[in-house]
Amino acid sequence: QVQLVESGGGLVQAGGSLRLSCAASGRTFSSYAMGWFRQSPENEREFVAAISRRGGSTNYADSVKGRFTISRDNAKNTVYLQMNSLKPEDTAVYYCAARVSSTVNVVTTIPSRYDFWGQGTQVTVSS
């Protein structure tokens with residue numbers, strides 16, 4: 001079992017930046033592949049970015065490639081999402097998720113394959 005707590009959301013103007021953090025409880029953080037997802041009132045939950053257990057593999061949604069960067073610090077039990085050049089269409093609740101993974105370099109883009117979820121943090125980008 002792992003508990004995930006996101007932070008770092010807020011209101012930012014278009015073109016600005018935010019850095020989201022997701023802190024995980026427990027001592028087995030390095031056993032989890034991690035992902036970031038987002039959901040707005042108009043859309044279903046969608047994949048944003050994912051990172052493998054040791055950070056060697058990453059994957060991004062086409063809509064955020066070149067603007068967002070996912071990273072993790074296993075010593076701090078934390079995964080990050082650096083978001084640059086934000087656009088109004090990035091407005092959503094952002095969730096981090098953890099997936100128990102026996103394979104070191106696997107990343108997963110499908111929400112249903114994740115085992116644990118945080119409560120979400122709101123990101124609002126004004127035009």
Side-chain angles (χ1 to χ4, degrees):
Q1 188 84 5
V2 62
Q3 292 184 329
L4 305 173
V5 179
E6 302 97 334
S7 61
L11 174 65
V12 64
Q13 289 188 333
S17 298
L18 283 174
R19 187 196 196 201
L20 304 184
S21 298
C22 174
S25 65
R27 296 179 291 178
T28 59
F29 182 66
S30 60
S31 299
Y32 297 97
M34 301 297 295
W36 285 98
F37 295 80
R38 66 187 182 187
Q39 187 168 15
S40 61
E42 304 82 18
N43 299 310
E44 294 184 349
R45 191 166 297 189
E46 65 172 353
F47 168 73
V48 175
I51 190 166
S52 58
R53 286 171 48 186
R54 297 179 184 173
S57 297
T58 58
N59 196 356
Y60 296 92
D62 288 343
S63 59
V64 306
K65 277 181 182 176
R67 301 188 298 123
F68 291 11
T69 303
I70 188 171
S71 62
R72 66 189 295 163
D73 185 338
N74 285 350
K76 295 183 178 179
N77 284 12
T78 302
V79 62
Y80 305 97
L81 185 67
Q82 178 67 44
M83 306 186 295
N84 298 330
S85 302
L86 282 161
K87 304 175 181 179
E89 50 263 44
D90 294 319
T91 294
V93 178
Y94 283 71
Y95 299 88
C96 73
R99 178 176 185 264
V100 177
S101 177
S102 59
T103 306
V104 172
N105 291 320
V106 168
V107 293
T108 303
T109 66
I110 302 172
S112 62
R113 294 186 178 176
Y114 282 81
D115 302 295
F116 305 102
W117 291 83
Q119 82 290 347
T121 185
Q122 176 71 46
V123 172
T124 303
V125 184
S126 63
S127 57

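What's counted below: heavy atoms across the whole structure, side chains too, no hydrogens, waters or symmetry copies. Not measured: the values here are computed from a predicted model.
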Query raised in the report: Quick check: does any side chain N or O of Asn59 sit under 3.5 Å from a backbone N or O of Ala49, one acting as donor and the other as acceptor?
Result: no
Query raised in the report: What residues join Val106 in its hydrophobic cluster, counting side-chain heavy atom gaps under 4.5 Å, either direct or through other members?
Result: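 Answer for Val106: none, a lone residue.
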Once side chain to side chain donor-acceptor pair (under 3.5 Å) is applied, do any residues pair with [X], and if so which ones, sequence neighbours excluded?
X	value
Arg72	Asn74
Thr124	Gln122
Glu89	none

Separation of [Y] [atom2] from [X] [atom1] (nearest 0.5 Å):
X	Y	atom1	atom2	result
Ser57	Ile70	OG	CD1	11.5 Å
Ser71	Ile51	OG	CD1	6.0 Å
Trp36	Leu81	CH2	CG	6.0 Å
Cys96	Phe116	SG	CZ	12.0 Å
Arg113	Thr108	CZ	OG1	6.5 Å
Tyr94	Ser40	OH	OG	9.0 Å

Query raised in the report: Run the side chain to side chain contact (heavy atoms under 4.5 Å, CB included) check on Thr58 and Val107 step by step: do they pass?
Result: CA-CA 7 Å; Thr58 58; Val107 293; 5.6 Å; no
Query raised in the report: Any side-chain heavy atom of Thr91 within less than 4.5 Å of one from Val123?
Result: no
Query raised in the report: Any side-chain heavy-atom pair from Met34 and Leu4 closer than 4.5 angstrom?
Result: yes
What heavy-atom pair brings [X] and [Y] nearest, and what distance separates the two atoms?
X	Y	result
Val93	Gly120	CG1-CA, 3.8 Å
Pro111	Trp117	O-CZ2, 3.4 Å
Val100	Asp115	N-OD2, 2.8 Å
Leu86	Leu18	CD1-N, 3.8 Å
Ser126	Leu11	CB-CD1, 4.4 Å
Arg53	Ala33	CG-N, 3.9 Å

Pairing residues for [X] by the side chain to side chain contact (heavy atoms under 4.5 Å, CB included) criterion, not counting sequence neighbours:
X	result
Ser102	none
Ala23	Thr78
Ser85	Arg67

Query raised in the report: Which residue pairs pass the ring-ring contact (aromatic ring centres under 6.0 Å, His included) test when at least one of the two sits in residues 45-65, sequence neighbours left out?
Result: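 Qualifying pairs, neighbours excluded: Phe37-Phe47.
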Query raised in the report: What's the verdict on side chain to side chain contact (heavy atoms under 4.5 Å, CB included) for Val2 and Thr28, showing C-alpha distance, side-chain angles and the deciding distance?
Result: CA-CA 9 Å; Val2 62; Thr28 59; over 6 Å; no
Requested in this report: Tell me, please, which residues at least two apart from Phe68 pass ring pair (Phe, Tyr, Trp, His ring centres under 6.0 Å).
Outcome: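 None.
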**Report entry** Listed partners of Tyr95 passing ring pair (Phe, Tyr, Trp, His ring centres under 6.0 Å), at least two apart
**Finding:**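 For Tyr95, no residue satisfies ring pair (Phe, Tyr, Trp, His ring centres under 6.0 Å) once neighbours in sequence are set aside.
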Query - Pairs touching residues 1-18 that satisfy side-chain hydrogen bond (donor to acceptor under 3.5 Å, both in side chains), sequence neighbours left out - result: Glu6-Gln119, Ser17-Asn84
Query raised in the report: Mind checking what makes salt bridge (Lys or Arg N to Asp or Glu O under 4.0 Å) contact with Arg38, not counting sequence neighbours?
Result: Glu46, Asp90
Requested in this report: Before giving the answer on side chain to side chain contact (heavy atoms under 4.5 Å, CB included), spell out for Leu20 and Tyr80 the whole-Å C-alpha distance, their side-chain angles and the decisive distance to 0.1 Å.
Outcome: CA-CA 6 Å; Leu20 304 184; Tyr80 305 97; over 6 Å; no
Query raised in the report: Is it true that the NZ or CZ of Arg99 lies under 6.0 Å from the centre of Tyr32's six-membered ring and within 45 degrees of the ring axis?
Result: no
